[in-house]
Every structure is written in C-alpha cells, then in structure tokens.
Amino acid sequence: MADDKERIRLLDLALDALEDELKSWTRLGTWKTGVTRLVRNPLRAAPLGAPVDKDAEISFIDVPDSEVNGILTRVAMDKVVTVLRKELRG
C-alpha cells in the first residue's frame, strides 16, 4: 500500500514538473517562413506571489515549424527526469 502511495506521489511530482515546464514556453512567429521562435520564461510558470528567482534567464531558440512539438516534448521530459532524479536521490 505504501508503495502505491509513493508511486502516486512521484507521478504527481512528474506531472507538476511537466506542466510547469510547458507553461514556461511561448511560441512566437518569425519573419522567416516555416520557422517558430520558442521563448522560455521560467517566471511564467511560477504561481502568483511566489518568490522570484533572480537568476532566472529568458532564452529563445528558432526551430523549424515541423520540429516545435518534438523539441518542447524533449525539453519538458528532460525537466521531469531531472526533478524525479533529484527526488529519488534525496
């Protein structure tokens, strides 16, 4: 029973990390045909009233339209793995 509770807790943690990472990205159009600018602003994912991370950086990458979903998925899953690894290592 405790093992199931731990799995549910880890699943909730993973889903929260995934949601927060996806919230921090914005898609913008560019002047180039077939190119999308992905802008990452980690402050967008923070809840209202949360302390502001002074080291947070806004970054962007230009990617072909056909690769946008794949790149966002990879970046978000990397964040999930990082959060779970940190949690499991204690």
Side-chain angles (χ1 to χ4, degrees):
M1 187 67 134
D3 193 34
D4 288 342
K5 287 183 180 181
E6 179 66 8
R7 286 183 192 160
I8 291 171
R9 186 183 72 79
L10 290 174
L11 178 62
D12 287 342
L13 183 66
L15 290 174
D16 289 344
L18 180 72
E19 183 180 5
D20 289 347
E21 185 63 23
L22 291 175
K23 279 183 189 176
S24 69
W25 287 91
T26 303
R27 299 175 190 207
L28 300 175
T30 63
W31 290 103
K32 299 177 191 173
T33 304
V35 175
T36 298
R37 177 165 287 173
L38 295 176
V39 180
R40 184 176 189 276
N41 182 353
L43 300 177
R44 287 191 63 206
L48 290 176
V52 175
D53 181 8
K54 299 199 187 284
D55 296 329
E57 292 183 8
I58 297 173
S59 57
F60 70 91
I61 54 174
D62 291 341
V63 297
D65 289 343
S66 61
E67 296 179 18
V68 170
N69 290 332
I71 288 174
L72 285 176
T73 301
R74 281 185 233 127
V75 169
M77 290 308 295
D78 182 55
K79 179 69 171 190
V80 168
V81 169
T82 302
V83 167
L84 288 177
R85 183 182 304 135
K86 190 182 294 184
E87 180 68 21
L88 291 172
R89 287 186 180 172

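Under the 4.5 Å side-chain contact rule for hydrophobic residues, Val80 and Leu88 share a cluster.
Arg74 and Asp78 are not joined by a salt bridge, as no carboxylate oxygen comes within less than 4.0 angstrom of a charged side-chain nitrogen.
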Evaluate the side chain to side chain contact (heavy atoms under 4.5 Å, CB included) criterion for residues Ile61 and Ile71: first the C-alpha distance (whole Å), next the side-chain angles of each, then the deciding distance (0.1 Å), finally the verdict.
CA-CA 10 Å; Ile61 54 174; Ile71 288 174; 4.0 Å; yes
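Residues Pro42 and Ser24 approach most closely at CA-CB, 3.9 Å, considering heavy atoms.
Apart from Ile58 itself, the hydrophobic cluster it occupies contains Leu28, Val39, Phe60, where clustering links Ile, Leu, Val, Met, Phe, Trp and Tyr at side-chain heavy-atom distances under 4.5 Å.
For residues 80-90, the set of pairs meeting the side chain to side chain donor-acceptor pair (under 3.5 Å) definition, not counting sequence neighbours, comprises Arg9-Glu87.
Expressed to the nearest 0.5 Å, how far CZ of Arg27 lies from CG of Asn69 amounts to 4.5 Å. To the nearest 0.5 angstrom, Thr73 atom OG1 is 7.5 Å from Leu22 atom CG. Interatomic distance, CG of Leu72 versus CG of Leu38, reported as 5.0 Å (0.5 Å rounding). Atom CG of Asp12 and atom CD1 of Ile8 lie 7.5 Å apart (nearest 0.5 Å). Expressed to the nearest 0.5 Å, how far CG of Leu13 lies from CG of Leu18 amounts to 11.5 Å.
Taking the side chain as every heavy atom from C-beta outward, Met77 and Glu21 never approach each other to under 4.5 Å.
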